[in-house]
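To start, the structure itself, in structure tokens.
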Amino acid sequence: MSIETYMSEQGKIIAGLFDQPDVPAFLEQLARAYPPGAQAYDRVLLVGSGSSLNALSIVRPWLQAAVSRPAEVINPAIFLRGADDVFGTPLVVILSQSGTSSTSIEAARLASQKGWPSVV
């Protein structure tokens, strides 16, 4: 299967997920997600590699519109190298197909250490 066909299928599957009845409640929680005592997040960093990066690229415009905040897709290795340069309070969304990607695991750990709200 070509990557173009695969990405096209991912888009259809993700679009179908957005039609689920619990999505509005999830988005409401996501829009308000932040750690106690901290300010609400000012943007969304979508972190993933490989097919997860492709899926996040497809989802980014929809999610950005849904939460009314800027969203950026980034590879976990780049996130790890540049985390000290991140300003404000991002919401970090980490997607991993297997859940075993060492860079994605480290990205989640780093986001937690920095006190950034995270969804894995």
Distance-only criterion, 3.5 Å: show the donor-acceptor pairs between side-chain atoms of residues 76-86 and protein atoms not counting sequence neighbours.
| from | atom 1 | to | atom 2 | distance (Å) |
| --- | --- | --- | --- | --- |
| Asp84 | OD1 | Lys114 | NZ | 3.2 |

Do the side chain of [X] and the main chain of [Y] share a donor and acceptor less than 3.5 angstrom apart?
X: Gln64; Y: Ala71; answer: yes
X: Ser57; Y: Leu53; answer: yes
X: Ser118; Y: Trp116; answer: yes
X: Asn75; Y: Ser49; answer: no

Q: With the side chain counted from C-beta on, respond yes when Tyr41 and Pro90 share a heavy-atom pair under 4.5 Å apart, and no when they do not.
A: no
Q | Path from Leu95 to Ile105 over hydrophobic side-chain contacts below 4.5 Å | A | no
Q) Any idea which heavy atoms bring Gly88 and Asp42 closest together, and the distance? A) CA-OD2, 3.3 Å
Q | Point-to-point distance, once rounded to the nearest 0.5 Å, from CD1 of Ile74 to CD1 of Ile94 | A | 11.0 Å
Q: Measure the spacing between CZ of Arg43 and OG1 of Thr89 and express it to the nearest 0.5 Å.
A: 8.0 Å
Q.
Show, in sequence, the C-alpha distance, side-chain angles and deciding distance for Ser52 and Gln97, and conclude whether the side-chain hydrogen bond (donor to acceptor under 3.5 Å, both in side chains) test is met.
A. CA-CA 6 Å; Ser52 295; Gln97 184 174 352; 5.3 Å; no
Q: Report the C-alpha separation of Val92 and Val119 in whole Å, then their side-chain angles, then the decisive distance to 0.1 Å, and conclude whether the side chain to side chain contact (heavy atoms under 4.5 Å, CB included) test is met.
A: CA-CA 6 Å; Val92 181; Val119 177; over 6 Å; no
Q | Pairs touching residues 87-104 that satisfy salt bridge (Lys or Arg N to Asp or Glu O under 4.0 Å), sequence neighbours left out | A | none
Q.
Using the rule side-chain contact (heavy atoms from CB on, under 4.5 Å), only one of Leu46, Val44, Val93 pairs with Arg60; which is it?
A. Leu46
